[in-house]
Number of protein chains: 2
Amino acid sequence: MDMDERKLRILQAIIDDYILTGIPVGSRTISKKYDMGLSSATIRNEMSDLEELGYLDQPHVSAGRIPSTKAYRLYVDTLMRNGRIQSDTADSIRALFQGRISQMEDVIDHAAQVISSLTNYTAVVLSPKGVQPRLETIQLVPIGQGMALVVIVTDSGIIRDNVIRVGREMDQDTLYNISRALTGELRGKTLTEVCALMPNLIERMRENNEVLEGIYGCLSSDQQSGRRTHMAVGGTSNMLAYPEYNDMDKARNFLSLMETRDKLAEIIQGNGEMAFTVRIGPETGVPEMSDCSIVTATYSTRGGQQGTIGVIGPTRMRYSRVLGILIAMGHELTDLFSGDGDSRSMKGGTL
Amino acid sequence: MDMDERKLRILQAIIDDYILTGIPVGSRTISKKYDMGLSSATIRNEMSDLEELGYLDQPHVSAGRIPSTKAYRLYVDTLMRNGRIQSDTADSIRALFQGRISQMEDVIDHAAQVISSLTNYTAVVLSPKGVQPRLETIQLVPIGQGMALVVIVTDSGIIRDNVIRVGREMDQDTLYNISRALTGELRGKTLTEVCALMPNLIERMRENNEVLEGIYGCLSSDQQSGRRTHMAVGGTSNMLAYPEYNDMDKARNFLSLMETRDKLAEIIQGNGEMAFTVRIGPETGVPEMSDCSIVTATYSTRGGQQGTIGVIGPTRMRYSRVLGILIAMGHELTDLFSGDGDSRSMKGGTL
DNA sequence: GTTAGCACTCAAAGCGATCGAGTGCTAACA
DNA sequence: TGTTAGCACTCGATCGCTTTGAGTGCTAAC
């Protein structure tokens, strides 16, 4: 027995229906709602075949069929009606960034909000990371009380700042001179290289010991704490609206997973090289998510760093719609961050 | 009929028991578990009185009694065993800030995590706001591509930064000179005053028009967008563990309230002048929270700005424990932010 | 004032009957 | 050979009934 054209059409109808309603689909439903010109009995035979082929599951003998992971996979890979996003949705995404948004964090938070409300699933947006950035400028700004702000600018336009102690006697000009010297010495090096060179510099510029130690401290703490990635999550409560999360324990598990940010970031990041990914149920690799799917897309900044946008929903997700929205959002963010020269910022917490 | 010593003791027992178990308390439970030397019949009479006085409610006639809002109020105000916090809990709070934490955002996120896991309720922490800060320094840092970072430092140690466009021909020195001029002109003024003066300055320093416009733009956008307060929420999933949130709709409502950050901030901020507040059920003023209680405490920074820590839980909250933890955390944060001179930073997103 | 006893109430749990959506199989038909 | 009508069968969901038990209020006795 083999897959034929008609089986595919029936399978598609079943998946479409199940994604819509969330209740197991019976043969009669298919023969009535989607007019295939076939009686329910015939559909029944086909469904039985499809089950044998592993595309359908049956919760119990007197219930309809539900698509298996394999079916969703097929659906996403070949069956899915091309997710040409509604042009009004695209417009609404674009419109949402019209207003002046200055901080990358805000953009990311906003994006998560927007995606979750457009899709009605849970959205996660991760700030860019990637390529080792190179130092552009380093500058000290006095902030009083014997403290100074270290501003580190890299070629990817990403800025890191941190407060350090400096002696009371350091005024704005002294700090500026130190800044110039450092920038001259270190420009163009990657941050790891800068870190490696610092002990040397501290030797050479003895008189500014405290300041350099401070800068070194904050650089290396960043290095070790790895990539401080900003992450925004939106619409976690959306999931509770789906009947598959009527079970309280399940809901709680899901929510607490959404709260453990490190793990969540790791899951979403995934094998983040692809422009977009769809992971269905067990493919997520997360046991707690065996009945969720994760769709991700990426966006990039002018420095070539990559950020990730993800949507988490039930396996019966509206894949085409979600993909469309994510890709549109990815383009929008790429435009926004690719330094097309408007007054928007690309400051971010990442290093 | 009046409140007497014995009634109080019984009421206290009922509240204690209900807080612990969450199920309506019967007369027999009280007479057995808390040995008052009274039979269930006597307790029954007293409970009937307490109900008449408005301290107890009865879900239905053959169920036990549950404390009313009035009872909790009495409990919090006078009955509650003083919440001397367990010394090991205090230690664990202190320990949690031993590690080097450099950004205020991180401290706040961390604090929310810690409080929610110590209390098992939902925790909210708001960054400081208050007193209009005065300008200390303003400095421009070139970041390439004809862009510059504007760093604005105020007397409260709070820093704001933003990216603006400058002409390509602006090098580090030029920018530094503009910075000095501006700082000289504007130091000591509140940010509102600075905003008001800017148009004037733009007139006078024609040649640097673009730069000044940029600075003005980011200042005034901050002014209008109000106080950008950072907020961290932790342990929202904790609430689902309480039987009062077994109802899915209720749970969803609660969660989506937790997601509307503006509203949540407003609720927690409340009448934030007091060192701590306890709002019970309807006292929260939020219809969706009529069966929650909110406990808040404040902490402050060296600039005299006040931040708020809050816990949201069911009305049958372990008030004394929560209050103890919040107050301890408040002290800890105040120490941390009061500029006791260690290398920790107080950079924050607020202006 | 306290307590034992008792009738009463009512939500929750248990139980069986019924319903109905859906299946698989068979036999007839084109 | 593929399609369809028909029918027996399955089994979760629903409804209504009974039972159970926690808890009350009241009364009468101590």
Side-chain angles (χ1 to χ4, degrees), chain A residues 1-11 13-15 17-18 20-68 243-244 246-248, chain B residues 1-11 13-15 17-18 20-68 243-244 246-248:
Chain A
M1 168 193 40
D2 234 2
M3 210 51 176
D4 59 20
E5 167 62 19
R6 193 172 72 178
K7 280 196 179 52
L8 277 179
R9 265 178 42 235
I10 292 176
L11 183 56
I14 294 173
I15 298 178
D17 198 81
Y18 187 67
L20 207 66
T21 65
I23 51 184
V25 189
S27 54
R28 242 177 89 79
T29 312
I30 297 299
S31 96
K32 274 199 310 185
K33 260 171 64 177
Y34 306 78
D35 49 20
M36 317 232 124
L38 293 173
S39 78
S40 66
T42 311
I43 308 270
R44 221 151 35 232
N45 290 330
E46 296 290 41
M47 282 167 88
S48 175
D49 290 355
L50 284 168
E51 183 171 0
E52 206 171 317
L53 287 165
Y55 291 105
L56 294 179
D57 291 328
Q58 205 169 9
H60 57 86
V61 64
S62 77
R65 306 297 214 291
I66 60 176
S68 67
E244 30 274 84
N246 264 352
D247 177 16
M248 261 297 160
Chain B
M1 169 193 40
D2 233 3
M3 211 50 176
D4 58 21
E5 167 62 18
R6 192 172 72 179
K7 282 194 178 53
L8 277 178
R9 264 176 45 231
I10 292 175
L11 183 57
I14 293 172
I15 298 178
D17 199 81
Y18 187 67
L20 208 67
T21 66
I23 51 184
V25 189
S27 53
R28 240 177 90 80
T29 312
I30 297 298
S31 95
K32 273 200 309 186
K33 258 171 65 177
Y34 306 78
D35 47 21
M36 317 231 124
L38 293 173
S39 79
S40 66
T42 311
I43 309 271
R44 221 151 38 232
N45 290 330
E46 295 289 42
M47 282 166 89
S48 175
D49 289 356
L50 284 168
E51 183 170 0
E52 206 170 317
L53 287 164
Y55 290 106
L56 294 178
D57 290 329
Q58 206 170 9
H60 56 87
V61 64
S62 77
R65 306 297 214 292
I66 60 176
S68 67
E244 28 276 83
N246 264 352
D247 178 17
M248 262 297 160

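The figures here come from the full heavy-atom set of this structure, side chains too, leaving out hydrogens, waters and symmetry mates. Within every chain, numbering begins at 1; the chains are lettered A, B, ... in the order of the sequence lines, protein sequences first and strands thereafter.
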**Request:** Compare all side-chain heavy atoms of L8(B) with those of M3(B) and state whether any distance is below 4.5 angstrom.
**Result:** yes
**Request:** Start with the C-alpha gap between I66(B) and Q58(B), add the side-chain angles, then the distance that decides, and say whether side-chain contact (heavy atoms from CB on, under 4.5 Å) holds.
**Result:** CA-CA 6 Å; I66(B) 60 176; Q58(B) 206 170 9; over 6 Å; no
**Fill in**
Side-chain contact check for S27(B): nearest option of dG20(C), dT24(D), dG24(C) is dT24(D)
**Request:** Send over the distance from E51(A) CD to dG22(C) C1', rounded to a whole Å.
**Result:** 12 Å
List every contact pair, protein side and nucleotides 3-6 of chain D side both N or O, where the distance is under 3.5 Å.
| residue | atom | partner | partner atom | Å |
| --- | --- | --- | --- | --- |
| dT3(D) | OP1 | R6(A) | NH1 | 2.6 |
| dT3(D) | OP2 | R6(A) | NH1 | 3.4 |
| dT3(D) | OP2 | R6(A) | NH2 | 3.0 |
| dT4(D) | OP2 | S39(A) | N | 3.1 |
| dT4(D) | OP2 | T42(A) | OG1 | 2.6 |
| dG6(D) | O6 | R44(A) | NH2 | 3.3 |

**Complete:** Rounded to whole Å, CD of Q58(B) lies from C1' of dC8(C) at a distance of 13 Å
**R65(A) side chain near L50(A) side chain, heavy-atom distance below 4.5 Å** = no
**Any side-chain heavy-atom pair of P24(B) and P59(B) under 4.5 Å** = yes
**Asked** Between the main-chain N or O of S31(B) and the side-chain N or O of S40(B), is there a donor-acceptor pair closer than 3.5 Å?
**Response** no
**Complete:** Exactly one of I15(B), D17(B), L56(B) clears side-chain contact (heavy atoms from CB on, under 4.5 Å) with V25(B), and that residue is D17(B)
**Length of the CD1-P vector between I43(A) and dT23(C), whole Å** = 10 Å
**Request:** Would you kindly give the CD1-to-P distance between I30(B) and dT3(C), to the nearest whole Å?
**Result:** 15 Å
**Test side-chain contact (heavy atoms from CB on, under 4.5 Å) applied to R6(B) and L11(B), step by step** = CA-CA 9 Å; R6(B) 192 172 72 179; L11(B) 183 57; over 6 Å; no
**Message:** Measuring from the side chain of S62(A) (C-beta onward, heavy atoms only), which nucleotide among dC10(C), dA21(C), dT24(D) has the closest atom?
**Reply:** dA21(C)
**Asked** Can you find a heavy atom in the side chain of M248(B) that is under 4.5 Å from one in the side chain of M248(A)?
**Response** yes
**Fill in**
Atom CG of D4(A) and atom P of dG2(D) are separated, to the nearest Å, by 11 Å
**Message:** Measure CG/L50(A) against C1'/dT23(C) and give the value in whole Å, please.
**Reply:** 15 Å
**Item:** Any I14(B) side-chain heavy atom under 4.5 Å of Y55(B) side chain
**Value:** no
**Asked** Between H60(B) (NE2) and dG23(D) (P), how many Å, whole number?
**Response** 10 Å
**Protein-nucleotide distance (M47(A), atom CE; dT23(C), atom C1'), rounded to Å** = 10 Å
**Message:** Tell me the bend of the helix from dG1(C)-dC30(D) to dA30(C)-dT1(D) as the angle between end helix axes, each from five pairs, rounded to the nearest 10 degrees.
**Reply:** 20°
